[in-house]
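Reviewing the structure listed below.
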Amino acid sequence: MPTPSSDAATTTQRQISEEIAAIGNHRRGSNLAQPALDYPPYRSSLLRHPTKDLHHADPEGVERWAPCFGHQDVDPLEADLTIQHSGEPIGERIVVTGRISDGDGHPVAHQLVEIWQANAAGRYIHQRDQHPAPIDPNFTGVGRCLTGADGTYRFTTIRPGPYPWRNHRNAWRPAHIHFSLFGTDFTQRRITQMYFPGDPLFAYDPIYQSITDPADRELLVARYDHDVTTPEWSTGYRWDIVLTGAHHTRFEEPEETEAGEE
């Protein structure tokens, strides 16, 4: 297996791809279903994955200082990311919808779903995002909604663009949308990413490739749905999320995710 370089500025895509291939070969047929927390090609995972034993916490105590909300706090208009400013955001208008269910196929109703994403040029409104792409003054890139009784969510937004990051030289992230699901309380929050079909950057992205099972990776990719597409208005994508079971959607460890970043 290639030895990872500690210098992100000089590590090439070829080196990262060789590390991804070596890990894939090592794990193939090993029955290791869960992705590794310290996935070396994803450089910052070496510093951010848990290294200490988990500590028990009183969930009721956590809820005393954690954020809380009521259904009356979520306005249906918050699911439309294209109407949050006075003008039209730039880019391809899309609708993203799907169903959230448990491992037995039962719908997860009244679930708080939050999303955040880059704009059409691949730029977040975030002080740490210095990507020299334009900021869209009419697009913030955050929204939320509650699922219906059948577990369905629906967002209207702009298709995000790919963007560079500093994992290695010439590193680019595939276009994606971050999803956060809160469960019944704050301590149950789960985070994942939705990707778009046919993205040419999949093979080069160590975050996407850290899920070494191709079938599990495919679960993170939405599918184009012409029935969701609206004439003369928007294209449509469908992405279902399964919380438990053998074919559940892969989620991120809390330490691996920061809003407005990769």
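As a basis for the values below, the full set of heavy atoms in this structure was taken, side chains included, without hydrogen atoms, waters or symmetry mates.
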Do you reckon Y204 sits in the same ILVMFWY cluster as I207, going by side-chain contacts under 4.5 Å, direct or chained?
no
Quick one, E218 with R223, criterion salt bridge (Lys or Arg N to Asp or Glu O under 4.0 Å). Give me CA distance, side-chain angles, the key distance, then yes/no.
CA-CA 10 Å; E218 191 64 26; R223 62 181 174 84; over 6 Å; no
What are the two closest non-hydrogen atoms of A120 and G91, and how far apart are they?
CB-CA, 3.8 Å
Please check this pair: side chain of T249 against backbone of V242, looking for a donor-acceptor N/O pair closer than 3.5 Å.
yes
Please evaluate residues H168 and Q13 with respect to the criterion side-chain hydrogen bond (donor to acceptor under 3.5 Å, both in side chains), reporting the C-alpha separation (whole Å), side-chain torsions for both, the decisive distance (0.1 Å), and the verdict.
CA-CA 7 Å; H168 56 278; Q13 182 65 57; 2.7 Å; yes
Should the heavy atoms of other residues, nucleotides or ligands under 6.0 Å from CZ of R154 be counted, would the total exceed 12?
no
Rounded distance (nearest 0.5 Å) linking atom CZ of R238 with atom CG of D227:
8.0 Å
Using 4.0 Å as the upper bound for N to carboxylate O, is an ion pair formed by E19 and R14?
no
Test side chain to side chain contact (heavy atoms under 4.5 Å, CB included) on R99 and I241; report intermediate values, then the result.
CA-CA 6 Å; R99 182 173 179 267; I241 299 173; over 6 Å; no
Nearest heavy-atom contact between N167 and P41 is ND2-O, 2.8 Å
One pair to check against side-chain hydrogen bond (donor to acceptor under 3.5 Å, both in side chains): Q15 and R169. What are the steps and the verdict?
CA-CA 10 Å; Q15 290 173 293; R169 185 172 180 272; over 6 Å; no
Measuring only between side-chain heavy atoms, which start at C-beta, is M194 closer than 4.5 Å to L220?
no
Given the side-chain rings of W165 and Y42, with only the six-membered ring counted for Trp, is the space between their centroids under 6.0 Å?
yes
Residues 130-141 vs side chain to side chain donor-acceptor pair (under 3.5 Å), sequence neighbours excluded, gives H85-T140
Taking the six-membered ring for Trp, are Y153 and F179 ring centroids under 6.0 Å apart?
yes
Are the side chains of Q111 and F182 in contact, using a 4.5 Å heavy-atom criterion?
yes
So if you build clusters from Ile, Leu, Val, Met, Phe, Trp, Tyr with side-chain heavy-atom gaps below 4.5 Å, do V221 and F196 land together?
yes
Quick one: does any side-chain atom of D102 pair with a main-chain N or O of P107 as donor and acceptor, under 3.5 Å?
no
A222 and P197: which non-hydrogen atoms are nearest, and at how many Å?
O-CD, 3.2 Å
Please test Q193 against Y208 for side chain to side chain contact (heavy atoms under 4.5 Å, CB included), starting from the C-alpha separation and ending with a verdict.
CA-CA 9 Å; Q193 299 180 21; Y208 180 76; over 6 Å; no
With sequence neighbours excluded, tell me which residues meet ring-ring contact (aromatic ring centres under 6.0 Å, His included) with H106.
none
How long is the straight-line distance from CG of L146 back to CG of D73, given to the nearest 0.5 Å?
9.5 Å
Does D216 form a salt bridge (Lys or Arg N to Asp or Glu O under 4.0 Å) with R250? I'd like the steps, not just the answer.
CA-CA 7 Å; D216 284 348; R250 294 298 178 186; 2.7 Å; yes
Any link between V95 and W116 through a network of hydrophobic side chains (Ile, Leu, Val, Met, Phe, Trp, Tyr) touching at under 4.5 Å?
no
Closest heavy-atom pair and its distance - F139, A118:
CE2-O, 3.7 Å
Heavy atoms, side chains only, cut-off 4.5 Å: are P160 and I177 in contact?
yes
Is a side-chain donor or acceptor of S45 paired with a backbone partner of Y39 at a separation under 3.5 angstrom?
yes
Tell me whether R159 at atom CZ has more than 12 heavy atoms from other residues, nucleotides or ligands lying less than 6.0 Å away.
yes
Hey, quick one: are V113 and V228 part of the same hydrophobic cluster, counting side-chain heavy atoms closer than 4.5 Å, chains of contacts allowed?
no
Please check: side-chain N/O of N119 versus main-chain N/O of G141, any donor-acceptor pairing under 3.5 Å?
no
Whether E78 side chain and D75 backbone form a donor-acceptor pair below 3.5 Å:
yes
Rounded at 0.5 Å granularity, tell me how far CG in D38 sits from OG1 in T51.
10.0 Å
Could you tell me how the ring of H226 sits relative to the ring of Y224: parallel (under 30°), tilted (30 to 60°) or perpendicular (over 60°)?
tilted
Do you know the tightest heavy-atom contact between A79 and C145?
CB-CB, 3.9 Å
Do L243 and I115 share a hydrophobic cluster, counting only Ile, Leu, Val, Met, Phe, Trp and Tyr and linking them when any side-chain heavy atoms are less than 4.5 Å apart?
yes
Please check if atom CD1 in I90 has more than 12 non-hydrogen atoms from other residues, nucleotides or ligands closer than 6.0 Å.
no
Kindly determine whether Y237 and F155 satisfy ring-ring contact (aromatic ring centres under 6.0 Å, His included), including the steps that lead there.
CA-CA 10 Å; Y237 292 87; F155 289 101; over 10 Å; no
Under 3.5 Å, side chain of T147 to main-chain N/O of H110, donor-acceptor pair present?
yes
I'd like to know if the side chain of Q209 reaches the main chain of F202, judged simply by a donor and an acceptor atom lying under 3.5 Å from each other, with no hydrogens or angles considered.
yes
Spacing of CD1 belonging to I191 relative to CZ belonging to F251, to within rounding of 0.5 Å:
10.5 Å
Return the CD1 to CG distance between I20 and D205, rounded to the nearest 0.5 Å.
7.5 Å
Taking the side chain as every heavy atom from C-beta outward, state whether I125 and I135 have any atom pair closer than 4.5 Å.
yes
Tell me whether D225 contacts the main-chain N or O of G236 through its side chain, where contact means a donor paired with an acceptor under 3.5 Å.
no
Audit row: E88, T82, side-chain hydrogen bond (donor to acceptor under 3.5 Å, both in side chains) steps and yes/no
CA-CA 7 Å; E88 289 279 350; T82 68; 5.3 Å; no
Would T11 and R43 count as a side chain to side chain contact (heavy atoms under 4.5 Å, CB included) here? Give the steps.
CA-CA 11 Å; T11 302; R43 290 295 192 255; 3.6 Å; yes
Between D129 and R123, is a salt bridge (Lys or Arg N to Asp or Glu O under 4.0 Å) present by the stated rule, with each step listed?
CA-CA 7 Å; D129 187 347; R123 182 78 185 267; 3.8 Å; yes
In this structure, OG1 of T157 is separated from CD of Q117 (nearest 0.5 Å) by 3.5 Å
Quick one: does V142's side chain get under 4.5 Å of L81's, heavy atoms only?
no
V74 and L112: side chain to side chain contact (heavy atoms under 4.5 Å, CB included), yes or no, with the steps?
CA-CA 9 Å; V74 182; L112 176 62; 4.1 Å; yes
For W239 together with Y195, are the ring centres under 6.0 Å from each other?
no
Geometric class of the Y124/Y163 ring pair [parallel <30°, tilted 30-60°, perpendicular >60°]:
perpendicular
For the residue pair R93 and W233, would you count it as a cation-pi contact if the rule is NZ or CZ under 6.0 angstrom from the ring centre and within 45 degrees of the ring axis?
yes
